Structures are given as C-alpha cells and as structure tokens.
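Here's the structure, in structure tokens; my notes come after.
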Amino acid sequence: MSNNDTVIKPYLRLSGLEPLVVRPETNFVNVGERTNVTGSKKFARLILNNQYEEALSVARQQVENGAQILDVNMDDALLDGVKAMTTYINLLQSEPDIARIPIMVDSSKFEIIEAGLKCIQGRCIVNSISMKEGEAKFIEQAFICKAFGAAVVVMAFDELGQADTLQRKVEIADRAYNILTQQVGFDPQDIIFDLNIFAIATGLEEHNNYGVDFIEATRLVKQKHPLVKISGGVSNLSFSFRGNEHVRETMHAVFLYHAIKAGMDMGIVNAGQLVVYDEIEPNLRNLCEDVILNRNNDNNEATEKLIAFAETVKAKGKVQEKDERWRNNSVEERLKHALVNGITEYIDADTEEARQKYPKPLDVIEGPLMDGMNFVGDLFGAGKMFLPQVVKSARVMKKSVAVLTPYIEAEKEERRLAHLAAGTINQEGAGAAKILLATVKGDVHDIGKNIVGVVLGCNGYDIIDLGVMVPTDKILDTAIKHQVDIIGLSGLITPSLDEMVHVAKEMKRRGMTQPLLIGGATTSRMHTAVKIAPEYANGVVHVLDASRSVTVAGNLLGKETKPPFLAQVNSEYIKLKEGFDNKKVVKNYLPYSQAVQNKVKIDWQQFHPVKPTFTGTQVFADVDLAVLRPFIDWKPFFIAWEMHGNFPAILTDEIVGSEATKLYHDANALLDKLIAEKWLTARAVIGFWPANSHNDSVMVNTEDGNAVHLEFLRQQIQKAPGQPNLSLADFIAPATSALADHIGAFAVTIDGIEPHIKNFESNLDDYNKIMLQALADRFAEALAEYLHLKTRKEYWGYATDEHLTNDELIHEKYQGIRPAPGYPACPDHTEKYKLFSLLQVTENIGITLTESLAMYPASSVCGWYFAHPQSQYYGVGKIQPDQLADYAKRKQMPLEEAEKWLRQNLE
C-alpha cells in the first residue's frame, strides 16, 4: 500500500449512527431547523409541555424531508435549557431513524452547548462560538469544543458587534481562522463560518446590499481558506415578507442558488420547503434576483416591485381601491387610507383639512393619524401587510406631522410668551418626546431595533439609539442625562432576557419612572409578565413588532391615555403570571392497601361473560375510507384549528360559524379527493384472549400457552362514601370466580400520508397540509371507533343488538370501553410493549414504537377492549409511594424507571 493510499483527505467528517463526509462534490447540506424552540412554535409548545416523545416526531419529519444535520436549540426563557437539551438529545440518540444523522447543538448559552455535547454519540457541530466577548472567551470555548471532537460554527461577531458589511465579514473570518488554526489547533475543515444573513427588502436602503455582501463574503472567504465551510440562517433573508410563504420560499431558493455557486456549503432551512430554482415562475424569480442582488434597485424600485407582486399572491383581507373613490370619504377615512396604502399625494391637503376641523393640531396626531397607525399595526400583526409597507406608512405619518409641526410649535411659543408675561414658569418641555433604544449587553442583533427606530422617528419622536451590547449603566445614565420619556430594550438571544430583568431591577433601584418597552425575537408577552414586569412598577410593556411601537408609545405619552393603558397591561400581566404560577391543591389519599379493598362492586356470580368469535389476532390490511367517513368525530378536528364548540352547532356559531363552515366544506372537498384517489390506507389488527384478574393485575393466556401479566394502576384519592377507587382490572373477572373472561386489544394506523404532505409542502400549501394531517388523525380515530363497533356486535359479539346513531357513538353510549396505554385510565406507556407483542403490531401493520413509546406513523391508535357493562372511562390521578413501589415490583421494574414513566401521576 502506498503512502498516498493512507492519507486521510481534509474533509469535514461528521456522524450520527451513520457518517456524513462533506466532500467538494457534496451538494448543499440541509440543516433541519424545526427542532428549535426559537424557530418553531409547535416544537416550543411540545417542549414547554414536556411532550418530548411527540417532539421527536418533529425531528423525524425533518430527517424524512431530507435534513442531513439536525439543529437542536432549547433557548427559551421559561425552560431549563440544560435539562431540556439533555433530555431531548438522550431521546434522539435512542431513535435509530433520527440518530443516524449528525446533530448541531445550537445555543447562545455555552452551558447548554456543553450539556448537549455530553450526550451526543458520534461527531457533531457546535452552533456557535464567536469573539463578541473577546478572544480569551472565544479560545476557551473553542478548546472545550475541540476536546469533545466537535466541529464549530463561528459567527461573524466580534467585540464591536455583528459584521454587516463585506469588509467586516471577511476581516472577522480571517481573524477567527488564524486563532482557531494557530492557537487552538483546529483543522481548517472543522471550521464553519456563519457570515450573517440579514433581512433585505425592508424599505431601508442601507439594508439593500445585505444579500450581495453575504454572497461576496462567501466567495472571498472560500478563496482565502478553501477548506472551511460557510453556513447561514436562510430564513432571516425574507423576514420582511413574513406571512407570505410563497414569496419567502422563492427568495430562499433564489438566494441559495447564487450563494451556493459562491461557495456556501450548508444552511439552516426547513428541509421540506425548498422550491426548485428552475421551476420558479420567471417573473417572480427575476423580481427576487433584483432584490437579492440589489440590481435595478435605485430608490428601492426593485423592492417596491416585489412588494407589489407579493400583494397579488397574498394580502387576503386587504382590499386596495384601484381608483379615486376613496377621496369621497371623510378626512379621517382618507388619512387612514393614505397611511395603510402609503399614499403621500394628498397628505398635505388632507392634514390641513383635519387641522382646521380639530381644536388643536396635536388632536390630529392623537386622533385620526394614530387611529390609522393602529389599523396598520393590526394588519401587520395579522400578516396582511409587510414591513416595507409599514415603513412607507410611517413616512406618510412623518409628512403629515411635518405639516402640523409649525402649528404645534407656534402654540408652544404662545404659551411660553404667556408664561413670560405673567412671570410664571413654563413647565412644558422643549421638543419632541425622546425614546431611548438599545440592544442589551451581550446581544449584537439590532436590525429589528433599527426598524423600530425608523418607524418611531417617522412619527415625530426623537430617537436616541445606543446601538448593541449596551451595558445597563450606560442605558440608564444616558436616559437620565437626556431626560428621555421611554426606554426600549431589544434582544434576539435568550441570555438577553436575563439582562432585561437586570435593567428593570436597576431602574427600580435608581427610582426611575420612565416606562420600559421590551421587544425582539426572543421576547414574549408571557416572559415579560412573569419575569420582567414584577421587577419594575412604573410600566413594562412587551411590544410585538415595529408598527405596534407607535401605538404603545402614543398611549404611554398621552396624559389621559397612559393611566388606563398601563392599568390594562398590568391587569393582563398579573393574570398571566398567576396562571403561570398556578398553585397545587392539597388532597387526601388512601393507603394503597385500603384503595385495593375499595374496588368496583360487581356481582360476578350473576355475570355471564361472552366468548369472542375467535381468539388470537385478525389483521385488516385495507379498510375502505368511505366506510370510515361516517365515523369521523368532527369536534376534535375543529379544536385542532383552534375553533372550540360542539359539532354541528359550531357551523352556525355567531362568532366562528362562517369560518367554521368554510373549513368544513374545504375538509369535505379534500375527503372526496383522497378517498376517490386512494391517498391513504387504513390498517388494523385486533385480538382477544382468555383473561382473569388478581387485584390490579390481569393474567392473559395466549394461544401458544404463555401467560402475559398486564399491570394496572388504581385511583388512590380518598372518595366519598360508597364511591369506588377504580382500576381497569376491576372489570375483568377475578381468578377466584372461576369465570372464563376475556380481554381484547387493537391497533390501527393510517398509512401513506407522507408523499401527499411533501407535495403540499412543495406547493407551499400549508392549509391543505395541515388539513390532511388533521383528517388522517380523524380517520385513525374513526377506524378505532368502527372496529370497536364491529367488535361489540360481531367479533366479540357481547352487544349484538346495539343500534346507535353516530352522535351516540361519539358520546360513548355503548357497552364496553377501549382505553389506551398512556391515557388517564392506564397512564403507563410501557404496557404498550405487551400490547404490541400480543398483537404483533409492527409485523402485522407496520406501527413502530419510539424510545418514549410514541407510535409512528403519528396517525395511529392502540388500546385494550373491556366488555363488562360496568366498565367506564376515568382518570387514575395522583398515586402515592406505596402504590408506586407495589407497581414497580409487579412489573419487575426498577423503582427509578417506574418513577420516570409515571412522573405525571406522582405528587
């Protein structure tokens, strides 16, 4: 073997259970973005609710959609990030279909990164480290990453802040490269530079070259350091068009086309929502390229053309007049129309007309102009206006205020002269209200803050912008020195939330009185209410977005509006905090030995069990969806769309009835199509076996002569006299009765959804994608309901004369129950192992169990069949240590493991 044969080529080598070698010929590497609490509301909700097993499905979907690396981020202020990262990574590693790809441990807190590194098998990527806190901290963190064998993402930040120009991006990359390779000992191929992708088409000319700067910086860095990799968060690029997924995904595809040609190797994207460059409609592709490459864009011409196109494919609910009829409306309506549509042609005349109509010029600002901006804020918050349009609205506002300013100043001068003549002191401050804005210490993101500054500035406020990474003392000292009226804090990364709490505490300690505004991508109304507002009593308000800042500032600066506005906000925040703190109620419990004696009273001597028509299992490979359709329970379908009410009454509901009816019609249209074209396959397996009980155990005798012991839990809370402490075992004849009783089981799944989901994703049709997922879930439940009916009347045959309507079926008016492991009556998920073994579920219909015992495909249901007339649904509730110990002993399970699976049932 020659020496050349043994040389390891300098490629980036990563691994999960399988290796990922990024070679020169490797195409763009997709980093799945949805397992990120800051980027996916669904994932954040699941993690915050401790639904980790369901959160695994998000990771699995990313892998199936083509992600080659999985980005995991747990940076939420209401989370214990270290614990969440440790829990989720450990679960991921035990799922072979997910763990086969490498992990990107993503956090702005290095202790969370370290927690993730300790759990990962294989070779991962750390996202990220930077020089924003200086070289010493950068080198220290780099050595730790290297010790774990991780590659690193290096953000283009330094002590001066984020790199937002071509020159700064390249300079920081050069400096970081030299440190990592010469001082820390990193191989060049293990360095990944994130050169900062910023929002373009914001309406601000200084942002127009951000796309070009990234692409050219990529080209230069790869020329100078050919072995490094270039990455970036692609979704940042199109933030201005949030709410218009068609335009956003097209922008991403066009940007990636040019960035990859320049040398971009990987990026954080939604792996299921990338469109093909060559398949983009030519006009839209050209418009996106003009904006991204900043060509034909003098005076924001390209930006405005793309905005106009965006309005043709979105902006539902916003009707824009194409003629001059709006000029016939009242002056208030004309001002509103001009603000919403960014029309400056008539603003001088309309403002003058309004000035003559209102007693004071300031009344025009606080009245119709503020009303118009409130409406703009509503449209923007609802995704019906885009950021560039809001900036244009603010400019209309500025022109109007400019008309009014001389009159306002003249009134002030008259009052000053009157005070002078009377020999009194003029308490009126000079100039416009002052608002101080700052990105807090440790955070270098300021684009959002800059936009807020432009919007507020256009509304006549005097803005003092302190920039990024501003220490608390500098913020407050400057506020005092300039006698500002409002302080606004911004932050994007999670640690910024802690810094905002510190600022609030310091404002209280110093006895300051200015209201405090909180904004930025990482902030939330809940965190503001729970963590920041309690620290400062003079007004803390979370501001959702730039256009809302105008309304909030106006309310805080109006003498008459400020008290009721703050009272309302404080009331809302107190309720939010009380709900978050939610105190537990003390309850009384029976000793387990007493609870077992308080069983359901059943006269077994008078009971005659019905023998099923077969024992063992029966498989249903393809149940006709048309047969299942009448069994659909529509109430949960509407709940999934956040419409609450009973069906069909919800269709005529005074508030949501109209939209619910449209949704129902759309759902049925999709049902017609998927049934006719056989999109989905309904599969099931059921089984019955002889069984008897002993206390809370049920002994099942299989057809091959083996005995399986099912273990159940019993209610332990102290009940009213005569009320039993229920256990599912109570509904199976005890062994001492000598009765030949039976128990049944079932598992159902809806297969074949994936290609249709991917098709909707590729067409950017989230509406029908969500619709299909919701309908698949409803079909799974419908199949379970259908088989339960067949079981009662035919397969087990204990209710052959049953005749119930669909509504009666939905309300469970039948005899018998079908409780599922993991649900309130039998909360231990580990009993699914026994159910799956008895039915041979995986072999028969393809459902698999994750490490956390979630079922895949997601539209799957399983459970037990109980036939006794007294069987009922209920919840076990909390149990005590004595029952836990007995249960663990019966299952031959370590106590610690039993505690893990039953944590929700423990005090």
Side-chain angles (χ1 to χ4, degrees), residues 582-610 691-699 709-739 741-744 788 792 798-799 802 804 808 810-829 831 863-891 895 898-899 901-907:
N582 193 19
K583 299 293 186 293
K584 293 181 179 179
V585 179
V586 177
K587 297 179 180 178
N588 296 321
Y589 295 90
L590 294 177
Y592 179 55
S593 58
Q594 291 184 26
V596 171
Q597 297 305 312
N598 191 31
K599 298 177 181 179
V600 177
K601 291 179 173 56
I602 295 176
D603 187 352
W604 291 108
Q605 292 183 349
Q606 298 300 315
F607 179 68
H608 303 286
V610 175
N692 288 104
S693 68
H694 174 68
N695 289 335
D696 290 330
S697 300
V698 173
M699 287 71 71
H709 289 256
L710 309 181
E711 306 298 344
F712 296 103
L713 291 165
R714 184 173 296 279
Q715 291 177 328
Q716 216 170 334
I717 191 169
Q718 187 170 351
K719 299 284 198 77
Q723 295 295 315
N725 290 84
L726 298 166
S727 168
L728 288 176
D730 292 348
F731 307 125
I732 300 293
T736 56
S737 70
L739 293 174
D741 207 351
H742 287 77
I743 193 170
H788 197 196
R792 296 190 303 271
Y798 61 80
E802 175 186 300
L804 299 176
E808 289 172 325
I810 290 170
H811 289 89
E812 300 161 358
K813 301 297 185 181
Y814 44 72
Q815 177 182 327
I817 57 174
R818 53 176 182 89
Y823 280 74
C826 44
D828 180 9
H829 282 275
E831 289 294 289
W864 306 109
Y865 287 142
F866 291 83
H868 194 278
Q870 289 179 244
S871 61
Q872 60 180 287
Y873 293 107
Y874 63 93
V876 169
K878 300 296 183 182
I879 64 172
Q880 299 302 294
D882 54 352
Q883 180 170 190
L884 177 67
D886 181 85
Y887 186 75
K889 182 179 180 182
R890 283 189 276 132
K891 287 180 65 74
L895 186 63
E899 288 177 341
W901 289 105
L902 296 174
R903 189 167 289 121
Q904 74 278 10
N905 294 93
L906 303 177
E907 287 283 82

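Every value quoted in this text rests on a predicted model; they were computed, and no experiment measured them.
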Could you list the residues that satisfy ring pair (Phe, Tyr, Trp, His ring centres under 6.0 Å) with H788, not counting sequence neighbours?
-> Y814, Y865
[atom2] on [Y] to [atom1] on [X], rounded to 0.5 Å:
X    : Y    : atom1 : atom2 : answer
D828 : L902 : CG    : CG    : 5.0 Å
N692 : H742 : CG    : NE2   : 9.5 Å
H868 : Y798 : NE2   : OH    : 11.5 Å
S693 : L739 : OG    : CG    : 10.0 Å

Side chain to side chain donor-acceptor pair (under 3.5 Å) against [X], all qualifying residues, sequence neighbours excluded:
X    : value
N905 : none
S727 : D696
D741 : none
Q723 : none

Quiz: residues 873-881 side-chain donor-acceptor pairs under 3.5 angstrom, not counting sequence neighbours:
from, atom 1, to, atom 2, distance (Å)
Y873, OH, R818, N, 2.8
Y874, OH, L728, N, 2.9
K878, NZ, Q904, O, 2.8
K878, NZ, L906, O, 3.4

Determine, stepwise, if the pair Q870 / D730 fulfils side-chain contact (heavy atoms from CB on, under 4.5 Å).
-> CA-CA 9 Å; Q870 289 179 244; D730 292 348; over 6 Å; no
Heavy-atom closest pair, residues [X] and [Y]:
X    : Y    : answer
F866 : F712 : CZ-CZ, 4.1 Å
Q715 : A595 : O-CB, 3.7 Å
P821 : W864 : CG-NE1, 3.7 Å
P734 : S737 : O-OG, 2.6 Å
N725 : I717 : ND2-O, 2.8 Å
C826 : P819 : SG-CB, 4.2 Å

Identify, with sequence neighbours excluded, every residue that meets salt bridge (Lys or Arg N to Asp or Glu O under 4.0 Å) alongside E899.
-> none
Listed by chain and number, what are the side-chain contact (heavy atoms from CB on, under 4.5 Å) partners of [X], not counting sequence neighbours?
X    : value
D886 : Y592, R890
P591 : S593, Q594, D882
H694 : M699
A691 : V698, V700, I732, I743

Indicate every side-chain donor-acceptor pair of residues 600-610 with a distance under 3.5 Å to a residue at least two apart or in another chain.
from, atom 1, to, atom 2, distance (Å)
D603, OD1, Q605, N, 3.2

Which of these, R792, Q815, K813, sits in a side chain to side chain donor-acceptor pair (under 3.5 Å) with E802?
->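 Exactly one candidate clears the test, R792.
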Pair E711 + K891, salt bridge at N-O below 4.0 Å = no
Between the main-chain N or O of L590 and the side-chain N or O of Q716, is there a donor-acceptor pair closer than 3.5 Å?
-> yes
